[in-house]
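Chain A is the first sequence line, chain B the second, and so forth, proteins listed ahead of strands; every chain is numbered from 1.
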2 protein chains.
Amino acid sequence: MAGPRHAVITSVKSTRVVAARRLASRAFRSTQRLFLAEGPQAVREAAGEKGLLSELFATADAAERHPEILDAAYVGGAVVSIATDEVVDSLGDTVAGQGIVGVCRFLDQPLASVLERPARLIVLLAHIRDPGNAGSVLRAADAAGADAVLFSGESVDVYNPKVVRTSVGSLFHLPVVTGVDLPEATAALKRRGLRVLAADGSGPADLDDEADSGALASPTCWMFGNEAWGLPETVRALADETVRVPIHGRAESLNLATAAAVCLYASARAQRRSSQ
Amino acid sequence: MAGPRHAVITSVKSTRVVAARRLASRAFRSTQRLFLAEGPQAVREAAGEKGLLSELFATADAAERHPEILDAAYVGGAVVSIATDEVVDSLGDTVAGQGIVGVCRFLDQPLASVLERPARLIVLLAHIRDPGNAGSVLRAADAAGADAVLFSGESVDVYNPKVVRTSVGSLFHLPVVTGVDLPEATAALKRRGLRVLAADGSGPADLDDEADSGALASPTCWMFGNEAWGLPETVRALADETVRVPIHGRAESLNLATAAAVCLYASARAQRRSSQ
């Protein structure tokens, strides 16, 4: 189907491929405001959002398997190339490539656009460094129905291929803001009526007590910190409350993405029950 | 301190080191009923449980940093060796070794021992294959105060180094049963008064409704399936109910460990509120 419409790119040294491959570097992504999305699911999401997909590389097999993705890419104005396995694999971050890689435009929004819309559940990631955690938190935030995810300036690049991959499409689902200044963002969120909660094992407040008291039903911004050292005192001081997930057994802590999911689902439940 | 008491092992070909390194293979672990635990935290846990640590390899630096681990190892009767960085690294699964690796005895218990103790929260993993997920579920189960974690016969080896590492010590904290037969185990758990809940996106029951109805306060066994294909119909049929974590946003699903944490914390909260 798609085959005859295209010259097949066979060289990993072709100009387009070399340019796309450079997007593995954060510096190059920032300059170009482009990033790579790998695999049919991520590329389908990018092709679905008008204008987000700039370029598409697919093997002939993948093009055959996913004609709807190529059609959407054409409609959205992306440059579509059929390429050899070697070429497509050279763009991928994972060993087992899925034959399809997209070059996407940055999708982060200014904080101001998030703030001008009504919101009851916001996630603020402070100094989060591990890409797998960042992607998992994006996915959990999406599942819990969060209105936006904000990343502080010191956080991992949201366009890192591992963040994109572990978010399993969620990067494309909800508004994302990057380079956020924590004092400025928390102050603005509070002015808009959100309670800012810092999730930290040191918290004097217990998540279950917050839920029982009805406090979680209010519009909330959850702030999560670095996996290794949590939220520093100066950041916790920006929150209305520091809340811990109770540890009932002998584990020292929960991992960041797990703790985030438990907190966000506790909020989602409290907010939905109170609005019933 | 520990240095003078030992000859330092300098060769990766030393008999003890070669034997320990073979524990990277599942088949060899099963024959020997021994596995490797890497890093000070895991080895400290193993040394703390009487008789679980069979052997300890530490660099001189690590021995200096963690004298209490070496002391506990001696008291527990483990063979302690000081070795070069190269030797200790050759036993580790991760690139950045932490200078300390233990050879531990298998710690799984028969299903019968778990069944003879009172339990209100049990985790049953059916066909779970990804070691990182298995370790994360162990950690979440421990944090949520679960009484035991059972692995079906078709699951990943609980002694796989990545399971051990991602459980962050929780493998040593709560009773683990391996090679469980699902029909037999679910029948036995039901006879002992536990509700068996299958967690699956297809579930007709919603987790929040289960919590609201008070049903989650009962003693419960949560059954979680394979990340890729969830729980097959034949396995769901063994449960009293199939329950889904509600997806409020556009995510297709939650990852297994995240979904497990949300379910287990919902049960922990319901059980603790009802017993207040």
Could you go through A:R139 and B:T258, starting from their C-alpha distance and side-chain angles, then the distance that decides it, and tell me whether this counts as side-chain contact (heavy atoms from CB on, under 4.5 Å)? CA-CA 10 Å; A:R139 184 176 176 189; B:T258 305; over 6 Å; no

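Of residues 244-257 of chain A, those residues lying under 4.5 Å from chain B by any heavy-atom pair are A:V245, A:P246, A:I247, A:H248, A:G249, A:R250, A:A251, A:E252, A:S253, A:L254, A:N255.
Not counting sequence neighbours, the partners of A:R195 by the salt bridge (charged side-chain N to carboxylate O under 4.0 Å, His left out) test are A:E210, A:E241.
With a 4.5 angstrom heavy-atom cutoff, B:A211 touches chain A via backbone and side-chain atoms both.
By the 4.0 Å N-to-carboxylate-O rule, A:D208 lies too far from B:R272 to be salt-bridged with it.
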